[in-house]
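Atom set for the values below is all heavy atoms of this structure, side chains included, hydrogens, waters and symmetry mates excluded.
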Amino acid sequence: MRDECSMFNVQFSMPNNKIIIYQVFTRLYGNRNTTRKEWGTIEDNGSGKFDDFNESTLKHIKDMGISHVWFTGVIRHATQTDYSAYGIPKQHPAVVKGKAGSPYAICDYYDVDPDLATNVDKRMKEFEALIRRTHKAGLKVIIDFVPNHVARQYESIAKPKGVIDLGADDNTNDGFNPQNNFYYCPGCKLEPYFDIQDYVEEPAKSTGNDHFDNHPGINDWYETVKLNYGKDYWTGFGHFDPIPDTWKKMTDILLFWAKKGVDAFRCDMAEMVPAAFWAWATDKVKAAYPDIKFIGEVYNPSEYRNYISSGFDYLYDKVGMYDTMRAVICGQAPATTITGAWQQTDDIKDHMLYFLENHDEQRVASDFFAGDAKKGIPGLVASILMRSNPFMLYAAEEYGERGMDKEGFSGCDGRTTIFDYWSIDTLCRAASSKLKKNEQQIYDIHEKVMQIARTEKAVDGDTYDLMYVNPASESFNPEKHFAFLRKKDDEMLLVVCNFNDKKDSISVNIPKHAFEWFDIPEKKYEAKDLLTDEKKQLTLKADTGVKMTVPAYGARVWKIIQNS
């Protein structure tokens with residue numbers, strides 16, 4: 001007879017193809033300056049650097065269970081920090097959000113953010129070295145591609161020889177011209193509904209959030225300019241033949257970064273750019289770099305399949321799984337709604353990217369979301385283990401970062417700032433081994449779940465949702481409990497999540513159909529909870545409850561080997 005412990009350990013070490021993305025806001029991640037002065041400058045509050053991602057740091061990220069690192073905010077964007085001594089044009093503060101500036105107001109697509117460089121003059125070489133280190137650590141590199149808009153004062157100083165700058169050849173007398181790079185308000189100055197001091201823009205360019213007059217408001221993306229891909233927003237028609245100039249320029253930018261070794265692009269507000277462009281551009285980029293991936297920020301579920309067919313490998317599942325999981329975690333929706341969320345995208349399930357946090361969303365532990373990172377644990381388990389599609393973790397989420405700082409432009413909103421010079425409390429304390437007990441516990445469970453997702457063969461297999469055969473009863477509460485099976489070959493996981501604030505005794509029914517579909521013999525099995533290493537004999541019999549206790553805001557991940 002085989003030793004069960006040895007058998008489980010051997011199986012646990014086998015890798016699978018699960019993608020887990022670690023989003024790091026590069027300016028913040030390695031910054032250990034704890035001054036945290038509201039509206040502070042880079043001299044006050046410091047900035048993280050490319051060099052902070054050394055071999056040890058990247059190894060730690062890899063060991064967590066991460067496969068890809070999304071280095072957010074790499075391409076040079078508008079900032080109030082003066083780098084003119086290095087030949088970098090100054091940006092007018094009236095059209096920069098925050099002291100550090102938004103990483104989505106790009107001012108040079110061919111350059112990198114000088115804030116991130118140890119030696120500003122060698123900033124591109126430092127980024128190229130980071131790509132090499134990341135690959136050496138066994139990780140893949142993702143950067144942002146911001147296709148919809150640029151900074152109001154876009155000017156490339158790093159463009160390759162022969163490249164014509166965006167807008168340089170535009171006919172500014174045309175409000176819309178398919179071969180222009182921008183949209184214009186001919187004869188009109190930029191006159192927003194707030195003070196822009198002595199900033200002058202004439203003719204005014206249309207604003208990034210599809211604001212096509214010269215009067216953007218304070219809540220518009222006033223620091224950005226909308227790029228023109230040949231769509232006439234006044235008539236709604238697209239003019240894509242001949243190919244618009246913007247298509248060519250933006251595709252060249254993608255190829256520029258792909259040549260440097262970038263493995264994937266997270267494409268900001270992809271649905272604000274015509275799908276026809278994406279089909280054209282992704283085809284050209286993938287022809288040159290077949291393994292490169294495109295991740296789209298698309299919020300309209302009715303457009304998901306359109307953008308996938310246009311070359312996107314993965315799309316945010318925000319208006320679906322994220323919104324549903326958030327509501328369940330907060331007690332605003334029953335756990336059964338998770339079933340409906342995955343069913344909406346079942347035909348494109350491998351293309352959906354799940355997450356609980358990113359730079360746009362509030363931290364789970366913030367007062368604006370759940371108020372306690374523990375409440376998110378069952379949602380984490382379900383989000384990572386329910387499907388084979390990618391999952392994204394936002395740096396410091398693994399420590400229960402609360403995001404309740406009042407940093408400056410960002411304000412206290414439950415998000416970690418993308419506009420201000422700052423450092424992240426939990427990341428700083430983790431680096432110096434000063435985590436609180438509850439933060440270490442949150443980290444341990446995150447690491448455990450991610451490693452399960454990355455190493456367990458069953459996570460590459462099929463999913464069987466058990467909610468339809470587990471209605472409300474004394475031993476199962478579909479308002480707070482969620483259960484499913486994963487299976488591949490002779491390995492199976494029974495996952496039971498408890499969104500309740502108390503430990504529950506739960507009995508999970510497995511229907512006859514599941515036994516037939518998975519070809520599972522009905523008998524008693526040795527099972528191991530991969531979260532706790534607890535071993536237990538589970539009797540699996542059709543339409544008979546599998547009994548267990550599940551901790552408050554916790555889960556059980558029972559591993560069963562069929563021939564054991």
Test the [X]-[Y] pair against the cation-pi criterion, namely NZ or CZ under 6.0 angstrom from the six-membered ring centroid and within 45° of the ring axis.
X      : Y      : answer
Arg27  : Tyr421 : yes
Lys37  : Trp39  : no
Arg326 : Phe369 : yes

Side chains of [Y] and [X]: any donor to acceptor distance under 3.5 Å?
X      : Y      : answer
Arg36  : Ser423 : yes
Asn181 : Lys249 : yes
Asp108 : Ser156 : yes
Asn300 : Ser302 : yes
Tyr104 : Asp144 : yes
Asn228 : Thr246 : no

Would [X] and [Y] pass as an ion pair if we require N to O under 4.0 Å?
X      : Y      : answer
Asp460 : Lys18  : no
Asp63  : Arg454 : no
Asp425 : Arg429 : yes
Asp346 : Arg387 : yes
Lys226 : Asp210 : yes
Arg363 : Glu401 : no
Asp115 : Lys49  : no

Output field: ring centroids [X]/[Y] closer than 6.0 Å:
X      : Y      : answer
Phe176 : His239 : yes
Tyr354 : Phe391 : no
Phe355 : Tyr322 : yes

Would a distance-only check, ignoring hydrogens and angles, find a side-chain to backbone donor-acceptor pair under 3.5 Å from [X] to [Y]?
X      : Y      : value
Thr251 : Lys248 : no
Asp317 : Met321 : yes
Ser388 : Val459 : yes

Could you label the plane-to-plane angle of the [X] and [Y] rings as parallel, tilted or perpendicular, counting under 30° as parallel and over 60° as perpendicular?
X      : Y      : answer
Tyr199 : His92  : perpendicular
Tyr233 : Tyr183 : perpendicular
Tyr86  : Tyr83  : tilted
Phe294 : Trp278 : perpendicular

Taking all non-hydrogen atoms of both residues, which atom of [X] and which atom of [Y] are closest, and how far apart?
X      : Y      : answer
Gly208 : Met272 : O-CE, 3.6 Å
Pro186 : Asn173 : CG-O, 3.4 Å
Asn33  : Asn31  : N-OD1, 3.2 Å
Tyr222 : Arg152 : O-NH1, 2.9 Å
Glu361 : Lys318 : OE2-CE, 3.3 Å
Val364 : Glu357 : N-OE2, 2.8 Å

*Measure the shortest side-chain to side-chain distance between His446 and Glu397 over non-hydrogen atoms and say whether it is less than 4.5 angstrom.*
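With C-beta onward as the side chain, the pair touches.
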Are there more than 12 heavy atoms of other residues, nucleotides or ligands under 6.0 Å from atom [atom1] of [X]?
X      : atom1 : answer
Gln197 : CD    : yes
Phe237 : CZ    : no
Lys349 : NZ    : yes

*asked:* List the residues meeting salt bridge (Lys or Arg N to Asp or Glu O under 4.0 Å) with Asp241, not counting sequence neighbours, and say none if there are none.
replied: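 For Asp241, no residue satisfies salt bridge (Lys or Arg N to Asp or Glu O under 4.0 Å) once neighbours in sequence are set aside.
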*Identify, with sequence neighbours excluded, every residue that meets salt bridge (Lys or Arg N to Asp or Glu O under 4.0 Å) alongside Arg132.*
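If we apply the salt bridge (Lys or Arg N to Asp or Glu O under 4.0 Å) test to Arg132, skipping adjacent residues, there are no hits.
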*Given side-chain contact (heavy atoms from CB on, under 4.5 Å), test Ile61 with Val69 step by step and report yes or no.*
CA-CA 8 Å; Ile61 292 171; Val69 183; 4.0 Å; yes
*Picking from Phe53, Trp70, Phe71, what satisfies ring-ring contact (aromatic ring centres under 6.0 Å, His included) with Tyr29?*
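Considering Phe53, Trp70, Phe71, a ring-ring contact (aromatic ring centres under 6.0 Å, His included) with Tyr29 is found only for Phe53.
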*asked:* Please determine whether side-chain hydrogen bond (donor to acceptor under 3.5 Å, both in side chains) holds for the pair Asp420 and Ser410, giving the CA-CA distance in whole Å, both sets of side-chain angles, and the decisive distance to 0.1 Å.
replied: CA-CA 7 Å; Asp420 307 282; Ser410 183; 4.7 Å; no
*Would Ser56 and Asn54 satisfy side-chain hydrogen bond (donor to acceptor under 3.5 Å, both in side chains), going step by step from the backbone distance to the final call?*
CA-CA 5 Å; Ser56 175; Asn54 55 32; 4.5 Å; no
Would you give me the side-chain donor-acceptor pairs under 3.5 Å for residues 254-267, sequence neighbours excluded?
| from | atom 1 | to | atom 2 | distance (Å) |
| --- | --- | --- | --- | --- |
| Trp257 | NE1 | Tyr109 | O | 2.9 |
| Lys260 | NZ | Glu128 | OE2 | 2.6 |
| Asp263 | OD2 | His135 | NE2 | 2.6 |
| Asp263 | OD2 | Val141 | N | 2.7 |
| Arg266 | NE | Tyr316 | OH | 3.1 |
| Arg266 | NH1 | Asp268 | OD1 | 2.9 |
| Arg266 | NH2 | Glu297 | OE1 | 3.0 |
| Arg266 | NH2 | Glu297 | OE2 | 3.4 |
| Arg266 | NH2 | Tyr316 | OH | 3.3 |

_I'd like to know whether Ile143 forms a side-chain contact (heavy atoms from CB on, under 4.5 Å) with Ile75, so could you lay out the CA-CA distance, the side-chain angles of the two residues, the decisive distance to 0.1 Å, and finally the verdict._
CA-CA 8 Å; Ile143 66 168; Ile75 300 179; 4.3 Å; yes
*salt bridge (charged side-chain N to carboxylate O under 4.0 Å, His left out) between Asp347 and Arg305, intermediate numbers included*: CA-CA 9 Å; Asp347 61 314; Arg305 291 151 189 86; 2.9 Å; yes
